[in-house]
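A short write-up of the structure that comes next.
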Protein chains: 2
Amino acid sequence: MEDTAPVSSQEQIASPRRAPSQQRSRERVERMLAAASALIAEQGSDAMRMGEVAQRAGVSIGSLYQFFPDKRAIVWALAERYTAESQACISAALADVGDAEGLGQAFSELVDIYYGLFLAEPVMRDIWSGTQADKALRQLELADSRANAEFLTAVLKRLRPAADPTALETTAFLVWQMGEAAVRLAISVDRQEGDRLVEAYKRMALRELLAE
Amino acid sequence: MEDTAPVSSQEQIASPRRAPSQQRSRERVERMLAAASALIAEQGSDAMRMGEVAQRAGVSIGSLYQFFPDKRAIVWALAERYTAESQACISAALADVGDAEGLGQAFSELVDIYYGLFLAEPVMRDIWSGTQADKALRQLELADSRANAEFLTAVLKRLRPAADPTALETTAFLVWQMGEAAVRLAISVDRQEGDRLVEAYKRMALRELLAE
DNA sequence: TGCAAATGTGAGGATTGCTCATGTTTTGAA
DNA sequence: TTCAAAACATGAGCAATCCTCACATTTGCA
């Protein structure tokens, strides 16, 4: 009943019950995550069975629960890795944008990369599809989106110094979230329509970002 | 093992295992849906237990499964009612839009109504939150969104007869989906920021709808 | 009235997330 | 080196839950 891990606020955020401190256990945790990733790619996270994860990782079910408090925590851990990776990429792409044309270029490329990732990575697709239903994942996605929107806000403040800062923040956050929604929509229809939708989103977003 | 209900395509769409034909059973099905609705409002559809639905509806668990093939089917049935209701409302609001100003007016009102519904109706909020995870619900939402986007497309074709029809269809569908995403985003942040996001969405959407 | 179809019931089968008592390995201080 | 404490590993089994099915009851109708 006692919690050793700190519980943030009242919502129970998924977190390792115990962080692996030895080399051996660190390797085993990696194997667990790899097994989970493979199973999600094959059947989706809903159909992923904890017993199967353990078996494929070559560990016992008990070991699995030694490091992950529950099933969602495994998915969450994978999701966290994706967000950390992509943040660096996004930050770099937007860092040296100097004018409107540069923003258009960088933004378009970012959207393409994101769209391509969703098309190619079944795990990513699965994880962020369930986002709405899972409280912890929704939380993670919102935080990630806010962080990414901040990079965009910084660019906007440079390009449009006269505009109201709060309005720019709202615009950046909205545009970013619309982008994620647009990509999720695009991959759930056929490829041709998906491409059209992504292009339409780009135009719409850029029009908004460069307005006024 | 035998299916009496027709199975559309290969994906198993949730549908009543047997349609109630007698007055008595129709009333009981209503009670089941009412009970489910109440439980979803209280705890969310994930925490809703089939046994509890049956108990609250005053029927046995077996009767529940006589008319609903599985748990998701109950949620789906509730969702279908919401979409049917809202379609009529949307169709009416957009039917007699004659000019750009009229579109701006009608569109803004529709968004407000939708936003208000999500703020006030916990059941609706819950159902459409899980949309991404559940195949059948995702299907229903896409079909609904397509239907609603068609009303919007009709207006656009009237206002911009020179534009490419396919482009207008893509724009309408995208704008509509972005609206649903924007509202879902808005209700998951605090009220003040939510209001700002919805207003920003309206501006962005109208700019796109009336562009060129 | 009588019979077939529709409806109603709830104990229990089957699956699955997760616990816990117990055993093994690693660490680090004396 | 020694050895106790901490970390790690195990898997049988508990508990929760969805759903089935054999059997009982009610309804519609010829």
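Here is the naming used below: chain letters follow the sequence lines, and residue numbers restart at 1 for every chain. What you see below is based on every heavy atom in this structure, not just the backbone, and it leaves out hydrogens, waters and symmetry mates.
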Report the distance from atom [atom1] of [X] to atom [atom2] of [N], rounded to the nearest whole Å.
X       : N      : atom1 : atom2 : result
B:Gln66 : C:dT9  : CD    : P     : 10 Å
A:Ile61 : C:dC20 : CD1   : C1'   : 14 Å
A:Arg18 : C:dT27 : CZ    : C1'   : 14 Å
A:Phe67 : C:dC18 : CZ    : C1'   : 16 Å
B:Leu64 : C:dG8  : CG    : P     : 11 Å
A:Lys71 : C:dT19 : NZ    : P     : 15 Å
B:Phe68 : C:dG8  : CZ    : C1'   : 15 Å
A:Tyr65 : C:dA21 : OH    : P     : 18 Å

Quick check for you: among C:dC18, D:dC8, C:dG8, whose closest atom lies nearest to any side-chain atom of A:Pro20?
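Among C:dC18, D:dC8, C:dG8, the one nearest the side chain of A:Pro20 is D:dC8.
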Any donor and acceptor pair, going by atom type alone, linking the side chain of A:Lys157 with main-chain N or O of A:Leu152 inside 3.5 Å?
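No.
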N/O (side chain, B:Ser63) to phosphate O (OP1/OP2, C:dT9) under 4.0 Å:
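So the side-chain polar atoms of B:Ser63 do come within 4.0 Å of the phosphate oxygens OP1 or OP2 of C:dT9, strictly under.
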For A:Ser145 and A:Gln177, which I'm curious about, is there any donor-acceptor pair between the side chains at under 3.5 Å?
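Note: A:Ser145 and A:Gln177 side chains meet the donor-acceptor criterion.
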Using salt bridge (charged side-chain N to carboxylate O under 4.0 Å, His left out) as the criterion, list what pairs up with [X], not counting sequence neighbours.
X        : answer
A:Lys202 : A:Asp112, A:Glu199
B:Glu193 : A:Arg146
B:Glu27  : none
B:Glu42  : B:Arg56

Please list, by residue number, the residues of residues 22-49 of chain A whose heavy atoms come closer than 4.0 Å to an atom of DNA chain C; answer none if no residue qualifies.
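Within this stretch, A:Gln22, A:Arg24, A:Met48, A:Arg49 sit under 4.0 Å of the strand.
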Scan A:Ser21 against the nucleic acid and name what it touches under 4.0 Å (heavy atoms): base, sugar-phosphate only, or nothing.
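Sugar-phosphate, backbone atoms only, no base.
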For B:Arg31, what residues pass the side chain to side chain donor-acceptor pair (under 3.5 Å) criterion, not counting sequence neighbours?
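Side chain to side chain donor-acceptor pair (under 3.5 Å) check on B:Arg31 returns nothing, list empty.
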